[in-house]
Asks: 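This is the structure I want to talk about, given as structure tokens.
Being a predicted model, the structure only gives us computed values, none of them experimental. Lettering follows sequence order; numbering is per chain, from 1. Note: hydrogens, waters and symmetry copies are ignored here, and every other heavy atom, side chains too, is used.
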Amino acid sequence: MTLPGSVLHWFRRDLRTADNRALNRAISLAKKSNLPLIPVFFLDPEYHNPTACGPLRMRFILESISALQRSLDDKCSSRLRVICARPTDVFPDLVRRWGVKHLVFEYEYAPSERARDEAVVADVEGFDVDVVREHGFTLYNPNVLLQKAKGATAPTTMSSFLSLVDDVGDPENPVEFADGRQVELTSCPDATLKDDDKDGYLLVPKLGDIGYEDCTKQTGWERFRGGEEEGIARMDEFLSREGGKVAARFAKPKTSPAAFVKRETTVLSPYLALGCVSSRVFHARLRDLEENHDVAEMPQTRLWGQLMWREHFWLLAGMVPEFHRMNGNPVCRKINWRTGDEAELRLKTWAEARTGYPWIDALMMQLKTEGFVHHLGRHSLACFLTRGDLWVSWEEGYKVFEHYLVDYDYALNSANWMWLSCSAFFSMYFRVYSPVAFAKKWDKEGAFIKHYLPVLRKLPTKYIHEPWKAPAMVQKMAGCVIGKDYPERMVDHSKASKENIAKMKENYARNEYGAERGERQHMNGESRSSESRDSGDGTSRKTKRRKTRR
DNA sequence: GGATTGTTGCAAAG
DNA sequence: CTTTGCAACAATCC
Ligand SMILES: Cc1cc2nc3c(=O)[nH]c(=O)nc-3n(C[C@H](O)[C@H](O)[C@H](O)COP(=O)(O)OP(=O)(O)OC[C@H]3O[C@@H](n4cnc5c(N)ncnc54)[C@H](O)[C@@H]3O)c2cc1C
């Protein structure tokens, strides 16, 4: 049974009904042409598999699409279809099956998603399908920013990005669901719904259905629930703390990485990463807030600025090839990270929270049990793995974060790992986080450490940051013998960090980058101008840059 | 071309 | 409690 026609809205990182321009377009097209709206989400084995995507993030995604399904049922009586397949494998069939006339979706900017979208668009080309795309994941259409940018290239520092934003002005205002209009759409014929039901499209699968162990039995850890309503509620709650004063005086480096009962940042990142909350809605709320309160903080550190970091990194991620890797990435310094068995072993020890440094291991436990770590906690983890202590490539850390974080985001994860490893954006490599001193600064009493590392709970506070210093008797009394109940330190931080600073110096002196740095073009599918092709001397191009000194 | 700037370190010395 | 070494960094702004 094929439908005479339909409008397909493909949900990806826009799992919301509010301020969803693409969805609004789909709805108005359906209305105008009297066709049913068919919303679809793909559980794509390329992304939604237990290797790349851990159970906490998977659960968050499933919760978000469940919430979306309910919301769409209520708001426009259009059932969200959830299809377990690669979009490129099934799109032609779906177009035939539903007689798709219009395919609508929001742009994504990461290369693999871009490639997938191009493939799908090519697939449906032969079917006379009108493909409609909107920008909505970020505050700005990247091309609008690039048009105003110097030399049409993305800025690489925050201050120049901010002046660009200043030039361009505020982003477009958020829009209401269905542009605030009444929604009465042509309903989908029962026969079609029946077919879709038979194929299992009408229900959101459970974790167990798609090859995951159920992790919902874990208790005692903070649980971040997916969904648009949850995200909006979280935003509202944060912005109303002390009548907005908390948000108004927000200063990122002053928020505590050790706060776990009540978080000191918004924890909107997972909602922004999946589009449960629109960045433009958040932005508009912050603009409001700043009009009604005195805000003294620097742009970079106040709450509004956090969204600018996101915007900044997404603009770059759409321009820079191999943004999530060192090789082939023109903004990333080439650094001789450790390789081989020793690198494997170190990575494993770090990832299994067995470094022997309570602060680092507690943070890793927080990552694994909750899928979220405060920004400065991520700094500690990332610095330790890379330039601080272990000298293991940031790409390995990236993958571990991708797996465990509920807020995993291609651009933000890449950019921040490069930042922390002094591979890009930040270069003062002698500023090294100490796993002991930094812990003492933020987690003086060790409450955070004890919460996430129960084995250390009975240890006197005096030794909580450096348990190896506790006398044997004290260790025994606390039921925490070093080398038995809790591991020996894997490295001596003061020794390792000094060696690594010296190595950094050598690596910086080589002045090599992952690729030649030249003109770049945003890879967002609108192909603004004809491609500038390299003349064919491909491999011989040096990745060394002119040195200014020495 | 030279000065300025850069979200968020640490430990030791004065 | 402030300054300095770590080591001279890159990008941008005039
Ligand atoms: C090694 C490392 C890896 C990271 N990986 C990710 C990731 O995969 N996904 C992710 O969302 N964030 C990542 N971050 C950035 C940052 O730590 C988180 O965005 C932030 O901690 C989320 O908490 P929040 O929502 O409470 O932030 P808030 O301080 O409340 O900020 C609000 C929003 O601003 C944006 N934002 C905040 N900090 C940054 C930043 N440094 N860079 C870019 N955007 C920012 C986020 O969208 C965030 O939700 C990473 C940071 C580091 C150091």
Side-chain angles (χ1 to χ4, degrees), chain A residues 149-151 153-167 249-259 264-265 295-313 316 320 330-335 357 359-360 363 373-384 386-389 412 415-416 418-443 465-466 492-514 517 544-550:
Chain A
K150 261 198 229 113
T153 54
T156 51
T157 63
M158 186 54 168
S159 48
S160 50
F161 182 79
L162 286 171
S163 57
L164 172 58
V165 164
D166 203 47
D167 268 7
R249 61 164 183 257
F250 183 93
K252 189 66 169 271
K254 288 182 192 147
T255 57
S256 171
E264 295 185 2
T265 61
V295 180
E297 261 311 295
M298 305 255 298
Q300 294 91 323
T301 45
R302 66 183 202 251
L303 193 47
W304 175 81
Q306 303 313 298
L307 266 183
M308 291 301 133
W309 286 104
R310 177 178 183 269
E311 197 71 12
H312 174 37
F313 290 147
L316 271 164
V320 179
V331 305
C332 182
R333 270 182 190 280
K334 261 207 173 162
I335 291 171
Y357 284 98
W359 173 245
I360 300 297
L363 286 165
V373 176
H374 181 277
H375 188 54
L376 293 178
R378 299 182 198 202
H379 276 223
S380 292
L381 283 170
C383 185
F384 190 89
T386 58
R387 68 185 168 88
D389 295 82
L412 275 50
N416 281 287
M418 284 190 266
W419 185 296
L420 262 295
S421 61
C422 284
S423 299
F425 316 120
F426 181 76
S427 52
M428 289 184 262
Y429 49 76
F430 44 86
R431 288 192 185 173
V432 178
Y433 289 90
S434 155
V436 175
F438 199 71
K440 283 180 178 166
K441 176 174 168 185
W442 289 106
D443 189 31
H465 303 104
E466 300 167 283
D492 176 341
H493 170 74
S494 60
K495 199 163 147 264
S497 61
K498 281 192 194 91
E499 286 167 10
N500 290 345
I501 287 173
K503 276 195 240 173
M504 267 295 177
K505 186 183 167 180
E506 289 166 27
N507 279 274
Y508 264 58
R510 281 209 329 280
N511 204 35
E512 272 183 346
Y513 287 79
R517 325 179 97 189
K544 252 189 208 202
R545 285 197 308 166
R546 181 179 54 85
K547 276 203 203 161
T548 43
R549 233 169 271 166
R550 290 183 47 164

Asks: Mind checking the P distance from C:dC9 to B:dC10? Whole angstroms is fine.
Replies: 23 Å

Asks: Measure from the side-chain heavy atoms of A:L376 and tell me the nearest of C:dC13, B:dT8, B:dG6.
Replies: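 Of the candidates, B:dT8 comes closest.
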
Asks: To the side chain of A:Y513, which of C:dA10, B:dT8, C:dA8 is closest?
Replies: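 The nucleotide sitting nearest to the side chain is C:dA10.
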
Asks: If a pair means Watson-Crick or G-U wobble with both distances below 3.5 Å, what does DNA chain B look like in dot-bracket form, with | marking bases paired to a different strand?
Replies: ||||||..||||||

Asks: Could you check whether A:F438 and A:F384 have their ring centres less than 6.0 Å apart?
Replies: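 Here the rings of A:F438 and A:F384 have centres that are no less than 6.0 Å from each other.
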
Asks: Would A:Y429 count as stacked on C:dC9 if the rule is ring centres under 5.5 Å and plane angle under 30°?
Replies: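 The base of C:dC9 is not stacked with A:Y429 (the test needs centres under 5.5 Å and planes under 30°).
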
Asks: What is the distance, to the nearest angstrom, from the CD1 atom on A:I335 to the C1' atom on C:dC9?
Replies: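 Distance check: A:I335 CD1 to C:dC9 C1' gives 12 Å.
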
Asks: What is the distance from NZ of A:K334 to C1' of C:dA10, rounded to the nearest Å?
Replies: 20 Å

Asks: Which pairs pass salt bridge (Lys or Arg N to Asp or Glu O under 4.0 Å) with one or both residues in residues 295-307 of chain A, sequence neighbours excluded?
Replies: A:E290-A:R302

Asks: Please answer whether the main-chain N or O of A:G388 pairs with a side-chain N or O of A:N500 as donor and acceptor at a distance below 3.5 Å.
Replies: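 Yes, the answer is positive, given that a donor and an acceptor are paired below the 3.5 Å cut-off.
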
Asks: In whole angstrom, give the distance that lies between atom OH of A:Y508 and atom P of C:dA11.
Replies: 10 Å

Asks: Answer yes or no: does a side-chain N or O of A:K505 lie under 4.0 Å from OP1 or OP2 of C:dC6?
Replies: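 Checking C:dC6 against A:K505, no side-chain N or O comes under 4.0 Å of OP1 or OP2.
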
Asks: In this structure, how many angstroms lie between the P atom of C:dA8 and the CG atom of A:N507, rounded?
Replies: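 Interatomic distance, CG of A:N507 to P of C:dA8: 13 Å.
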
Asks: Would you indicate whether the side-chain heavy atoms of A:S434 and A:V432 approach each other to under 4.5 Å?
Replies: no

Asks: Nearest 0.5 Å, please: how far is CG in A:N507 from CD in A:E512?
Replies: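 Output value for this atom pair is 9.0 Å.
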
Asks: Given C:dA10, is OP1 or OP2 found less than 4.0 Å from the side-chain N or O atoms of A:N511?
Replies: yes

Asks: With a 4.0 Å cutoff (strictly under), does any side-chain N or O of A:R333 reach OP1 or OP2 of C:dA10?
Replies: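 Yes, because at least one side-chain N or O of A:R333 sits under 4.0 Å from OP1 or OP2 of C:dA10.
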
Asks: Regarding A:T265 and A:H374, is there a side-chain donor-to-acceptor distance under 3.5 Å anywhere?
Replies: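 On atom types as modelled, these side chains do not qualify, holding no pair under 3.5 Å.
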
Asks: Between atom OG1 of A:T386 and atom CE of A:M418, what is the distance when rounded to the nearest 0.5 Å?
Replies: 12.5 Å

Asks: Looking only at atom C1', what distance separates B:dA3 and C:dA8, rounded to whole Å?
Replies: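 These two C1' atoms come out 16 Å apart once rounded.
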
Asks: Regarding A:Y357 and A:H493, is there a side-chain donor-to-acceptor distance under 3.5 Å anywhere?
Replies: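 Judged by distance alone, the side chains do not pair up.
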
Asks: Just compare B:dT8, C:dC9, C:dA8 and give me whichever is closest to any side-chain atom of A:S427.
Replies: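 Of the options given, the side chain of A:S427 lies nearest C:dC9.
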
Asks: Measuring from the side chain of A:S160 (C-beta onward, heavy atoms only), which nucleotide among B:dT7, C:dC9, C:dC13 has the closest atom?
Replies: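 Among the listed nucleotides, the one closest to the side chain of A:S160 is C:dC13.
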
Asks: Is there a donor-acceptor pair closer than 3.5 Å between any side-chain N or O of A:R387 and the backbone N or O of A:Y429?
Replies: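 Side chain of A:R387 to backbone of A:Y429: a pair is present.
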
Asks: If you look at every strand shown and take non-hydrogen atoms under 4.0 Å, does A:W442 touch a base, only sugar-phosphate, or nothing?
Replies: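 Since no nucleic acid heavy atom lies under 4.0 Å of A:W442, the category is nothing.
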
Asks: Rounding to an integer number of Å, can you tell me how far A:L162 CG sits from C:dC13 P?
Replies: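 So the CG-P distance, A:L162 to C:dC13, works out to 11 Å.
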
Asks: For a quick test of reading the model: is some side-chain N or O of A:K150 closer than 4.0 Å to OP1 or OP2 of C:dC13?
Replies: yes

Asks: What's the shortest heavy-atom distance between A:T255 and A:W442, and which atoms?
Replies: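 Looks like O-CH2, 3.7 Å.
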
Asks: Rounded to the nearest Å, what distance is computed from the NZ atom of residue A:K254 to the P atom of nucleotide B:dT8?
Replies: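 Atom NZ in A:K254 sits about 13 Å away from atom P in B:dT8.
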
Asks: Could you tell me how far apart A:M428 (CE) and C:dC6 (P) are, to the nearest whole angstrom?
Replies: 16 Å

Asks: Walk along nucleotides 9-14 of chain B from 5' to 3' and tag each nucleotide B, S or - by protein heavy-atom contact under 4.0 Å, base first, then sugar-phosphate.
Replies: BSS---

Asks: Would you mind reading off the distance between A:M158 atom CE and B:dG6 atom P, rounded to a whole angstrom?
Replies: 11 Å

